[in-house]
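Each residue takes its place number in the sequence, starting with 1. Keep in mind that what you see is a predicted model, and the values were worked out from it rather than measured.
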Amino acid sequence: MKQQEFDRNRTDDAWKKLYKRLEEDELLQTKPARQTYWRAAVLLAMVALATLTLYVSTGKEQSLPALTSQQTEPAPIQTTVLEDNSIVYLDQEASLQYPDSFDKDVREVILKGSAMFDVTGNPEQPFRIKIGAVQVEVLGTTFYIRSNGTNFTEAGVKSGRIKVTVPEIGYPVYIGQGEKVVLQDKQLHVSNGIDEGTTDHYTRRLHFKDVALGRVLHVLNRLNQEGFHFEATPETENRRLTFTYSTNPAETLAELISTALGIRYRKEGSTLIFTE
């Protein structure tokens, strides 16, 4: 048998095995063989590419080409923007209970698990976080909280100041920028120096689920994309999307978001503006 014919037979056998597997997994509809092979080839190409997925929350989902490899990226951090524009970055298996509208005199949420907070300052409306019996209070700052599920274990402040109250201790402990407090043996231990890797962990790969564009851009602006500032016009700021972000260049992000939402963006100096 000639080598060319032998190679062709091997290729045909490989396609048949691939088609059978895809058909068993119900990934293909019944199509003519030529078109089926073409679909299989496209599927292989898609699997080979890393993907950054961008969804539009209008019934159908759209996916766009990846810019980074998901296989080497950490799991995405669920990102929530509260009514007061405070940002909460939830770690894996963490959850946050919060009202649609805060009371006039206090903003209160309940945390299970670990998270980082970027709280909007408002002296007239303190922000309180309950983790089991422990309460953390803040006026406006960026900090993280660690817990073993329901019990507080540690907090560290990147900027600002927080107050930690443990009922069993009986008095609050205040920590400021660059400080952390650890609860151990029913005592709060304060020390200088927080792990930058901990705070970076929460902003390296973010996931937004059905979030208004205006709020997504608020988070991106807080992360300071290469000095760029994102804005949305009133006509576009409430367009909702589900979005996984992984430290892509600002203009690339703008292109992906505008394509997914079917809108445009324009550049004015260092500002990227989304518009109909």
- Joint hydrophobic cluster, Val211 plus Leu261, side-chain heavy atoms closer than 4.5 Å: yes

- Spell out, yes or no, whether Phe228 and Val216 are grouped together once hydrophobic residues are joined by side-chain heavy atoms under 4.5 Å, including indirect joins. yes

- Query: Got more than 12 heavy atoms from elsewhere within 6.0 Å of CD, Glu276?
  - Reply: yes

- Message: On a heavy-atom basis, which atom in Ser114 and which in Tyr202 lie closest, and how many Å separate them?
- Response: CB-OH, 3.5 Å

- Message: Assess the residue pair Glu154 and Tyr144 against the criterion (side chain to side chain donor-acceptor pair (under 3.5 Å)); give the C-alpha distance rounded to whole Å, side-chain angles, the decisive distance to 0.1 Å, and a yes or no.
- Response: CA-CA 8 Å; Glu154 179 185 327; Tyr144 67 84; 2.7 Å; yes

- Task: Locate the shortest heavy-atom distance separating Thr203 from Leu206; write the atom from each residue and the value.
- Result: CA-CD2, 3.7 Å

- Item | Test item: Thr79 and Ile87 side chains (from C-beta on) under 4.5 Å apart, heavy atoms | yes

- Query: Is the backbone of Pro76 close enough, under 3.5 Å, to the side chain of Gln92 for a donor and an acceptor to pair up by distance?
  - Reply: yes

- Task: Compare all side-chain heavy atoms of Val81 with those of Val219 and state whether any distance is below 4.5 angstrom.
- Result: yes

- Could you tell me whether the side chain of Thr259 and the main chain of Glu255 form a donor-acceptor pair under 3.5 Å? yes

- Query: Are Val157 and Met116 connected in a single hydrophobic cluster, I mean Ile/Leu/Val/Met/Phe/Trp/Tyr linked by side-chain heavy atoms less than 4.5 Å apart?
  - Reply: no

- From CA spacing to verdict: salt bridge (charged side-chain N to carboxylate O under 4.0 Å, His left out), Glu268, Arg266: CA-CA 7 Å; Glu268 295 184 0; Arg266 66 177 185 271; 2.7 Å; yes

- Query: Between Ser86 and Phe127, what is the shortest heavy-atom contact and its length?
  - Reply: OG-CE1, 4.1 Å

- Side-chain heavy atoms of Val182 within contact of Thr153, under 4.5 Å: no

- Item | Spatial distance of atom CD (Glu137) from atom CD1 (Ile162) [nearest 0.5 Å] | 10.5 Å

- Task: Would you give the length of the straight line joining atom CZ of Phe152 to atom CZ of Arg146, rounded to the nearest 0.5 angstrom?
- Result: 11.0 Å

- Query: Among all residues two or more places apart in sequence or in another chain, which pass the side-chain hydrogen bond (donor to acceptor under 3.5 Å, both in side chains) test with Tyr98?
  - Reply: none

- Straight-line distance of Leu220 CG to Phe243 CZ, nearest 0.5 Å: 6.0 Å

- Query: Hey, does the side chain of Arg240 reach the backbone of Asp210 with a donor-acceptor pair shorter than 3.5 angstrom?
  - Reply: yes

- Task: Check whether any side-chain heavy atom of Val119 sits under 4.5 Å from a side-chain heavy atom of Arg107, and report yes or no.
- Result: yes

- Sole residue of Glu231, Glu235, Glu237 in side-chain hydrogen bond (donor to acceptor under 3.5 Å, both in side chains) with Thr233: Glu235

- Query: Do the side chains of Asn238 and Leu213 get nearer than 4.5 Å, heavy atoms only?
  - Reply: no

- Task: Sorted by first residue and then second, give each side-chain hydrogen bond (donor to acceptor under 3.5 Å, both in side chains) pair with at least one member in residues 170-189; sequence neighbours left out.
- Result: none

- Give a yes or no on whether the backbone of Asn151 and the side-chain of Asn148 come within a donor-acceptor separation of less than 3.5 Å. yes

- Item | Minimum heavy-atom distance Phe102-Glu83, with the two atoms named | N-OE1, 2.9 Å

- Task: List the atom of Leu90, the atom of Ile77, and the distance in Å for their closest heavy-atom pair.
- Result: O-CG2, 3.2 Å

- Message: For the residue pair His207 / Thr244, report whether a side-chain donor-acceptor contact shorter than 3.5 Å exists.
- Response: yes

- Message: Please tell me whether Ile194 and Leu188 are part of a single hydrophobic cluster in this structure, the criterion being side-chain heavy atoms less than 4.5 Å apart.
- Response: no

- Message: Before you tell me yes or no, could you show the steps for Glu251 and Leu272 under side chain to side chain contact (heavy atoms under 4.5 Å, CB included), namely the whole-Å CA-CA distance, both residues' side-chain angles and the distance that decides it to 0.1 Å?
- Response: CA-CA 8 Å; Glu251 290 198 64; Leu272 300 172; 4.3 Å; yes

- Message: Looking at Ser258 and Ala254, would you say the former's side chain and the latter's main chain have a donor-acceptor pair under 3.5 Å?
- Response: yes

- Do side-chain atoms of Thr120 reach the backbone of Asp84 as a donor and acceptor pair under 3.5 angstrom? yes

- Query: Can you find a pair of side-chain heavy atoms, one from Phe143 and one from Asp118, that are under 4.5 Å apart?
  - Reply: no

- Can you check whether Val106 reaches Arg128 side chain to side chain, under 4.5 Å on heavy atoms? yes

- Task: Find the distance between CD (Glu108) and CD1 (Ile110) and round it off to the nearest 0.5 Å.
- Result: 6.5 Å

- Message: Once rounded to the nearest 0.5 Å, what's the spacing between atom OH of Tyr265 and atom OG1 of Thr271?
- Response: 13.5 Å

- Taking C-beta and beyond as the side chain, do Arg215 and Phe208 meet within less than 4.5 Å on heavy atoms? no

- Query: Of the non-hydrogen atoms in Gly113 and Ser147, which two are nearest, and what is the gap between them?
  - Reply: O-OG, 2.7 Å

- Item | CG on Leu96 to CZ on Phe117, rounded to 0.5 Å | 5.5 Å

- Query: Honestly curious: do Val134 and Leu111 fall in one hydrophobic cluster under the side-chain, below-4.5 Å linking rule?
  - Reply: yes

- Message: Applying side-chain hydrogen bond (donor to acceptor under 3.5 Å, both in side chains), can you list everything that pairs with Asn122, at least two apart in sequence or on another chain?
- Response: Gln125

